[in-house]
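Data block below; observations after.
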Amino acid sequence: MESNPIQQRAEEFELKYLELSYTQTFTFLVFRTALDDWEMIETFYDYMVAMDNEIEDVVFVFKSPLLQVNTYSKALVEELFMSIFLWNYADKPKEIEANYIPWTMDLTASSTSNVAELFVSNINAFCESVEFEEDSHCVCVLDYQSKDAKYILHWLKELTKLELHPRIRLVLSDTFERPVFNELKNYAPKSTQILSHHFGLAQAIKEVAAMGDPEAPDTKYRYHLVQLYEAIDKKQDKAIDKHATKCLAIAEHNKNENAYWQVQKVMVYCALATSEFGKKQFKKAIHYIDQGILILQEIVGLLPEELLENLAGQTHLFRGSLLMMVKKSKRAIEDFKRGEAYYAHRQDHLMQVEAFRLLAIAADKEGDKKLKHEALNQGIRLGVNLNESLAQASTYRLLIKEVLDSRYTDYISDTELDTIIRPLLGEQWRIKTKSVKSIMVNKKLK
């Protein structure tokens with residue numbers, strides 16, 4: 001079967017990866033591409049673990065976020081444990097040999113002096129427990145989910161002081177615009193390789209959009225939608241108007257045949273609103289998002305509830321935020337309330353948190369102390385539905401700051417607050433001085 005343009009680019013990169021693997025000796029490998037092509041790196045991570053490629057390595061893609069240097073190794077080991085557990089006990093296709101891996105997680109193998117020792121000890125033990133093909137390796141892709149590279153660089157510097165199993169290779173990624181892992185050359189100059197590649201993702205997307213029957217409405221729509229997003233990115237106003245008009249016309253013409261075309265219209269209006277927001281044309285942005293919300297109201301019951309409620313939640317929070325920009329906080333309050341209601345019905349607790357946070361800010365602007373406290377109270381209590389990673393990587397931490405900056409004892413006690421937040425952010429999540437401040441704004445706390 002002929003591969004599509006995205007897969008073709010993944011296959012091209014695979015050939016370069018295999019050539020480097022077979023001809024060079026290294027422990028650390030940095031994938032480097034343009035910022036605009038970053039999505040292709042993440043696509044290649046998935047490609048590496050798929051069955052239909054020529055990569056014979058044992059590949060783990062670790063997605064644990066690096067929130068704190070001293071807890072990253074534990075997060076990686078727990079993620080490795082889950083992968084091995086699933087391999088050992090999950091049902092497998094007949095073509096996959098069901099070899100049991102006799103590796104067990106050891107969380108006691110840690111050191112107070114080296115933050116990477118726990119991971120190294122466990123991944124080394126894993127390599128000892130499996131039998132590798134002659135030229136294969138254990139490839140650990142560290143997709144550490146952070147824009148701040150100083151923590152991963154510190155962790156890697158510690159790791160280079162330890163002895164890794166000879167089969168282990170670590171893969172990281174950066175960009176031509178921000179080549180942060182050049183510093184690895186200082187830590188491990190002889191064992192670091194950089195694999196650079198220009199994917200040309202924008203062109204690939206255009207090629208994908210043009211695939212299929214050129215006369216089919218979905219082909220035409222995809223083509224103009226891709227052109228619209230590119231025009232928005234490049235701030236080309238005439239091209240934005242041209243391709244948005246084409247998209248809306250195609251969707252309008254076909255909406256009676258399939259209600260999903262109405263959703264496509266909503267997506268175009270959201271794109272246009274985002275474009276105007278970027279230009280600080282907030283009233284125009286509100287006009288476009290109004291059109292999207294009206295369409296969603298018209299198609300209730302015609303499409304899956306989950307799809308429509310997620311879109312409705314997003315559009316109401318977006319419009320509410322825009323209304324705040326033009327100092328219409330009273331109208332914004334209604335949007336934030338509606339958005340929260342949609343997310344509550346979907347049990348999307350993270351987005352509920354954000355809705356309550358925005359609602360509290362809008363209520364404060366209106367001088368509605370009661371509503372502000374109600375929003376903060378309901379939002380902070382959603383912490384019981386979050387885990388440590390979600391709480392630290394989301395706007396829940398911003399909500400905590402709003403709570404601490406308010407007279408929170410009017411609606412929640414210190415004991416309740418500690419009970420909710422301590423499991424998420426740790427024992428020292430706040431300090432008490434003459435005025436209580438959030439951990440996020442107190443630079444003495446780490």
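For the residue pair H224 and Q227, no side-chain donor N or O sits within less than 3.5 Å of a side-chain acceptor on the partner. A donor atom on one side chain and an acceptor atom on the other are found under 3.5 Å apart for Y17 and D57. No side-chain donor from either of Y408 and N377 sits under 3.5 Å from a side-chain acceptor of the other. Inspection of the E11 and Q7 side chains reveals an N or O donor paired with an N or O acceptor under 3.5 Å.
Around atom CE of M267, no more than 12 heavy atoms belonging to other residues, nucleotides or ligands sit under 6.0 Å away. By the neighbour-count criterion of 12 heavy atoms within 6.0 Å, atom CD of Q236 is densely surrounded, having more than that number from other residues, nucleotides or ligands. Around CD of E177, the count of heavy atoms belonging to other residues, nucleotides or ligands within 6.0 Å exceeds 12. Counting heavy-atom neighbours within 6.0 Å of Q203 CD, excluding the residue itself, gives a total above 12. For F85, the CZ atom is loosely surrounded, since the number of other residues' heavy atoms within 6.0 Å does not exceed 12. Annotation: Q281, atom CD; neighbour count of heavy atoms from other residues, nucleotides and ligands within 6.0 Å is above 12. Counted within 6.0 Å of NZ on K63, heavy atoms from surrounding residues, nucleotides or ligands total more than 12; the atom is thus considered enclosed. Other residues, nucleotides and ligands contribute only 12 or fewer heavy atoms inside 6.0 Å of the NZ atom of K242.
Ion pairing between E354 and R357 holds under the 4.0 Å rule for side-chain N and carboxylate O. With respect to K16 and E19, no salt bridge is recorded, no charged nitrogen being found less than 4.0 Å from a carboxylate O. Look at R9 and D37 and you find no salt bridge, because none of the NZ, NE, NH1 or NH2 atoms lies under 4.0 Å from a carboxylate O. A salt bridge links E416 with R381: the distance from a Lys NZ or Arg NE/NH1/NH2 to an Asp or Glu carboxylate oxygen falls below 4.0 Å.
Between I55 and F44 the shortest heavy-atom distance is CD1-CZ, 4.3 Å.
By the side chain to side chain donor-acceptor pair (under 3.5 Å) test, R222 pairs with no residue at all, sequence neighbours left out. The ring pair (Phe, Tyr, Trp, His ring centres under 6.0 Å) search around Y288 returns none, not counting sequence neighbours.
Side-chain rings of Y144 and W155 stay apart, their centers remaining 6.0 Å or farther from each other.
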What do the steps show when you test H165 against F126 for ring-ring contact (aromatic ring centres under 6.0 Å, His included), and what is the final call?
-> CA-CA 10 Å; H165 191 282; F126 165 78; 9.4 Å; no
